[in-house]
Amino acid sequence: MKIYCAKDYEQASRITANILAAQIILKPDCVLGLATGSTPIGAYENLIKRYEAGDLDFSSVHSINLDEYRGLTPSNSQSYRYFMNTHLFDHVNIDKKNTFVPDGLEEDKEKACQDYDEIIRSHGGIDLQLLGLGHNGHIGFNEPGDSFAKTTHCVTLAESTVAANARFFASASEVPKEAYTMGIQSIMQAKKILVMVCGKDKKKIVQKAFYGSITPQVPASVLQLHPDVILVGDEAALM
Ligand code: GLP
């Protein structure tokens, strides 16, 4: 695992954007696995700046997002589709037809998951997967459990996740209780994984996930088995 310890969130965002930009420059038709949450917002802002400066071209990039709340429409401001559009896709020359987020409105859970796995498969997998880290070690919405879920599945969100994500909603009761998420196997099959973690509230889980035992109780711990992981964080999270 390569570790880049930045002095603060702004620098960590620039480093994360550098790595994403390098991937796009080296392979213009790459498949990016993208993440939501507050952590990657600064990296996306940096990518937009580089695009505006004429240094990045997203026209052949494909993106496959990690997860989506079940039951939210793409136009709901809390949906992850809306997040991706407003924080990145609307500001760069990516073709939205080449951007994928699980279909939160598909009521048939099995179909929603199979369709998404087919999207991942038909793209030949993911070149670079960006990940944030939940306080309980979740990646995407793969919550702690007794085993690692391999493929796309519907999860019941942990109470702590609902509580953590309530800050984006009017109240905790409005946070959807279920989500579709890419599975651990699909994440682990990405050629390269880029984890961004910032803030002192993530320090404990960083220790557990990257230096503790590998267990489905800490889903991110499985990343220790991946041959090409880059961890970018600020001093508060990493030191
Ligand atoms: C959500 C997302 C995750 C993200 C996590 C951490 O639960 N599904 O993909 O990594 O939040 O979010 P934040 O970056 O806001 O701490």
Side-chain angles (χ1 to χ4, degrees), residues 6 8-10 12-13 15-17 20 32-46 63-72 76-84 86-88 100-104 113 116 126 128-145 149 152-169 172 174-184 186-188 190 193-206 208-210 218-223 229-234 236-238:
D8 54 23
Y9 176 74
E10 283 66 36
S13 297
I15 295 170
T16 302
L20 288 162
L32 296 179
L34 296 179
T36 54
S38 54
T39 307
I41 291 175
Y44 293 154
E45 284 170 0
N46 274 277
S63 72
I64 303 182
N65 258 76
L66 284 166
D67 46 14
E68 178 60 287
Y69 288 114
R70 185 159 182 262
L72 295 192
N76 184 306
S77 61
Q78 297 312 327
S79 74
Y80 285 165
R81 162 53 76 180
Y82 186 92
F83 175 103
M84 289 311 303
T86 51
H87 287 290
L88 183 63
F100 299 90
V101 178
D103 181 359
C113 297
Y116 210 59
I126 291 161
L128 175 61
Q129 176 66 58
L130 176 63
L131 294 176
L133 182 64
H135 291 99
N136 60 3
H138 72 243
I139 45 177
F141 268 135
N142 288 276
E143 296 283 25
T152 304
H153 55 289
C154 182
V155 284
T156 300
L157 300 178
E159 263 177 47
S160 61
T161 302
V162 171
N165 290 352
R167 67 201 144 117
F168 302 114
F169 291 79
E174 284 184 27
V175 184
K177 305 294 177 283
E178 289 184 319
Y180 292 123
T181 183
M182 197 187 276
I184 293 290
S186 311
I187 294 172
M188 287 296 280
I193 294 183
L194 171 58
V195 190
M196 182 178 173
V197 191
C198 287
K200 66 173 187 317
D201 55 316
K202 296 279 174 78
K203 191 175 168 152
K204 259 198 201 147
I205 194 62
V206 167
K208 271 194 176 175
F210 296 102
V218 183
S221 64
V222 76
L223 299 173
V229 174
I230 306 172
L231 174 61
V232 179
D234 62 358
L238 300 187

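As the structure lists them, so they are numbered: ligands from 1, and atoms in each ligand from 1. Only this structure's heavy atoms are used, side chains among them; waters, hydrogens and symmetry mates stay out. Please read all numbers here as calculations on a predicted model, not as lab measurements.
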Q. Heavy-atom contacts under 4.0 Å between Thr39 and ligand 1: side chain, backbone, both, or neither?
A. both
Q. What residue and heavy atom of the protein are closest to atom 4 (C) of ligand 1, and at what distance?
A. Thr36 O, 4.1 Å
Q: Starting from atom 6 (C) of ligand 1, locate the nearest protein heavy atom and write down its residue, its atom name and how far away it is, to 0.1 Å.
A: Leu133 O, 3.7 Å
Q: Begin from the C-alpha positions of Val197 and Thr39 and carry the test side-chain contact (heavy atoms from CB on, under 4.5 Å) through to its verdict.
A: CA-CA 7 Å; Val197 191; Thr39 307; 5.9 Å; no
Q: Evaluate the criterion side chain to side chain donor-acceptor pair (under 3.5 Å) for residue pair Tyr69 and Asn165; output intermediate values, then yes/no.
A: CA-CA 11 Å; Tyr69 288 114; Asn165 290 352; 3.2 Å; yes
**Q.** Residue from Lys208, Glu143, Glu159 passing side chain to side chain donor-acceptor pair (under 3.5 Å) with Asn136
**A.** Glu143
Q: Hey, can you tell me if Tyr80 and Phe83 have their rings parallel, tilted or perpendicular (30° and 60° cut-offs)?
A: perpendicular
Q.
Just so I know, are the side chains of Tyr180 and Cys113 near enough to count as touching, which here means a heavy-atom distance under 4.5 Å?
A. yes
Q.
Can you report which non-hydrogen protein atom sits closest to atom 16 (O) of ligand 1, along with the distance?
A. Lys202 NZ, 2.7 Å
Q.
Please check whether Arg167 reaches ligand 1 - meaning an N/O of the residue sits under 3.5 Å from an N/O of the ligand, judged on distance alone.
A. yes
Q) Among Gly140, Ala35, Ser38, whose heavy atom sits nearest atom 3 (C) of ligand 1? A) Gly140
(Q) Show me which atoms of ligand 1 lie under 4.0 Å from any heavy atom of Asn165. (A) 1 (C), 7 (O)
Q: Give yes or no for whether the N/O distance cutoff of 3.5 Å, strictly under, is met between His135 and ligand 1.
A: no
Q) If hydrogens are left out, which of Pro40, Gly37, Gly132 has an atom nearest to atom 10 (O) of ligand 1, that is, the closest non-hydrogen atom? A) Gly132
Q | Nearest-neighbour protein heavy atom for atom 7 (O) of ligand 1, which is reported as residue plus atom name and distance | A | His138 NE2, 2.8 Å
Q: Could you check atom 8 (N) of ligand 1 against the protein and tell me its nearest heavy-atom contact, residue, atom and distance included?
A: Asp67 OD2, 2.8 Å
(Q) To the closest 0.5 Å, what do you measure between CE (Met188) and CD1 (Ile139)? (A) 8.0 Å
Q: Measure from the side-chain N and O atoms of Asn142 to the backbone N and O of Pro219, and report whether any donor-acceptor pair falls under 3.5 Å.
A: no
**Q.** Residue and atom name of the nearest protein heavy atom (relative to atom 1 (C) of ligand 1), distance in Å to one decimal
**A.** Tyr80 OH, 3.6 Å
Q: Would you name the heavy atoms of Tyr82 and Asn76 that are closest together and state the gap between them?
A: CB-O, 3.2 Å
